[in-house]
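Every chain is numbered from 1 and lettered A, B, ... according to where its sequence line falls, protein lines coming before strand lines.
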Amino acid sequence: MVNAGKQLITGLGILLLFSVLSVSCYAMDYPDEVEIDSLTNLYEAVVFDHAMHVDATENCSECHHHTTGTGVTNEYCAKCHEGDVEMDVVACQDCHSDDPVSPDNLHTAKPDFFYHDDKPKLKAAYHLKCLGCHSEVDGPTGCEDCHAKTEAGDKFYHSGEFAPKEDAQHGAEHE
Amino acid sequence: MSSKISRRRFLAGSAAGAALVMHPGKKAFASGSFSGFPDGMGVLVDLTRCVGCRTCEAACNKEQKLPEPALPFDDYSVFDEIHHGNQKRRTTDKAYTIVNRYEPEGSDQPLYRKIQCNHCNEPACLTSCFVGAYTKTPEGAVIYDQHVCVGCRNCMIACPFHIPAYTYHSVLNPVIKKCIFCYDTRLKEGRPPACVESCPQQVMTFGKRKDLMKIARERIRKNPKKYIDHVYGEHEVGGTGWFYISSAPFAEAGFDEDLPKEPIINNVKDFLAMVPVVLVVWPALFTGFHLLATKGKSHGHGDDHSNDKQEGH
């Protein structure tokens with residue numbers, strides 16, 4: 001009877017431990033897809049297959065730094081953030097500002113070099129992470145592998161229906 | 001009596017002339033150590049991040065309302081273009097910024113380099129311009145007044161980076177064209193230039209030059225294996241507003257590594273400071289010598305005549 005009670009407590013303990021572990025690993029309800037629409041003037045929104053990337057990577061911190069509570073892979077960040085817990089903010093745009101340079105904040109006094117001073121803005125945070133990893137693992141790296149250009153995009157790049165005409169081309173070359 | 005006065009006048013005149021000349025001379029030397037306006041803006045260009053997408057070229061074209069390009073901005077065959085035998089593409093009156101591709105030795109990754117005006121602290125174009133068309137603004141931009149430009153192209157020769165371009169097609173009023181840091185439309189209001197804002201990889205970081213220099217040094221310090229320990233433009237030609245860090249030696253990305261650490265004007269400053277000295281002091285000096293040498297000597301009929309008159313009395 002005592003043994004059975006002990007076993008029960010041990011069993012419950014193990015169960016509790018597992019549930020705590022599983023909660024700490026997959027506590028966040030991460031989305032399967034993320035629609036990234038910050039560049040929608042020149043490109044269609046990108047539907048990012050988050051679930052596929054969760055399966056493909058070993059550790060959430062490869063993209064999410066120290067915010068997911070899954071350990072920190074970058075030694076430099078680990079100096080302060082080793083053993084950090086999950087944070088309230090995990091989405092890229094929560095930390096990476098879309099417009100870090102504005103006339104308003106330009107001349108506010110800043111301390112001498114400090115951590116996080118060299119934080120890329122949102123667009124660069126995406127591209128540096130995505131392209132950086134894709135070029136290592138032979139993922140797609142062409143602009144239009146991820147983005148479909150809008151009409152405004154074609155106009156901006158003088159491509160597609162806005163491509164320079166043949167005669168204009170020759171004219172430009174001979175000028 | 002008259003000769004004494006002229007000698008005094010000569011000495012006093014010479015001293016005054018020398019003082020006048022030496023004073024601005026000293027001032028001119030001091031300007032050689034000008035290291036930029038304290039709050040001047042700049043751009044840190046990190047070559048390791050560039051993927052050669054040419055979005056900056058497209059953004060520049062749109063912002064500066066430049067003519068239609070010969071090829072679309074997403075046509076990457078332009079990286080294979082070679083002009084005049086061995087030169088990659090350069091800035092023109094229709095393209096103020098250009099991205100070129102390089103293949104550094106021992107690297108399987110290509111290296112891309114964006115060129116545009118580097119907005120020097122003490123610009124050679126400005127100092128070479130005899131009509132004063134150029135201005136270095138306190139915000140850090142090197143701008144120019146097209147209406148003042150006479151099209152002499154001195155600045156094209158003076159620029160160590162070969163940036164100013166010329167409207168050769170314009171028959172009646174050819175002028176210089178170059179990147180102005182988007183001064184009129186953006187920088188003046190504290191906004192980054194169009195190319196910087198458009199870049200997907202943030203190859204370019206916009207900010208105060210002095211802050212960016214710290215960031216550049218910090219990137220190198222954190223990643224000594226990735227970066228060459230050199231910030232190109234920190235000291236080159238007296239410091240430039242746009243400066244670069246790279247993973248490959250700068251020479252392999254087409255940078256001129258033989259540029260002096262001093263502003264280009266310093267090459268001729270000693271000589272130029274001597275010009276007013278020679279022009280003012282020499283005539284005074286030699287006139288003095290002449291008067292001294294001819295003191296008491298007969299100067300022809302005029303003098304003889306006056307002597308005669310004195311004797312007559």
Angle class for the A:His50/A:His64 ring planes (parallel below 30°, perpendicular above 60°, tilted otherwise)? perpendicular
Cut-off 4.5 Å, heavy atoms of chain A, and the answer for B:Arg217 is neither
With a 6.0 Å cut-off (strictly less than), is the heavy-atom count around CD of A:Glu82, excluding the residue itself, greater than 12? no
Ring-face cation contact, B:Tyr166 with B:Arg153, 6.0 Å cut, 45° max: yes
Within residues 43-54 of chain B, contacts to chain A at heavy-atom distances under 4.5 Å involve B:Arg49, B:Val51, B:Cys53
Rounding to 0.5 Å, atoms OG (B:Ser107) and CD (B:Glu252) come to a distance of 9.0 Å
Whatever's closer than 4.5 Å to a heavy atom in chain B on A:Tyr126 counts as neither
According to the interplanar angle, ranging from 0 to 90°, do the rings of A:His134 and A:His53 count as parallel (below 30°), tilted (30 to 60°) or perpendicular (above 60°)?
-> parallel
Are any of the side-chain heavy atoms of B:Asp74 and A:Glu144 separated by less than 4.5 Å? yes
Look at the aromatic rings of B:Phe181 and B:His119 and report parallel, tilted or perpendicular, splitting at 30° and 60°. tilted
Q. So, the side chain of B:Thr92 versus the backbone of B:Lys94: is there a donor-acceptor pair under 3.5 Å, distance only?
A. yes
Residues 31-57 of chain A vs salt bridge (Lys or Arg N to Asp or Glu O under 4.0 Å), sequence neighbours excluded, gives none
ask   = Thinking salt bridges, do B:Arg101 and B:Asp80 make one under a 4.0 Å N-O criterion?
value = yes
By residue number, those in residues 148-159 of chain A with heavy atoms under 4.5 Å from heavy atoms of chain B are A:Lys149, A:Phe156, A:Tyr157, A:His158, A:Ser159
So, the part of A:Leu42 with a heavy atom under 4.5 Å from chain B: the answer is neither
Quick one: do B:Lys210 and B:Asp39 make a salt bridge, cutoff under 4.0 Å?
yes
Listed by number, the residues in residues 57-64 of chain B that come under 4.5 Å of chain A (heavy atom to heavy atom) are B:Ala58, B:Ala59, B:Asn61, B:Lys62
Would you say the side chains of B:Glu236 and B:His230 form a donor-acceptor pair under 3.5 Å?
yes
Mind checking whether B:Tyr244 and B:Phe255 have ring centres under 6.0 Å apart? yes
- Task: Indicate yes or no: at least one non-hydrogen side-chain atom of B:Gln202 is less than 4.5 angstrom from one of A:Lys123.
- Result: no
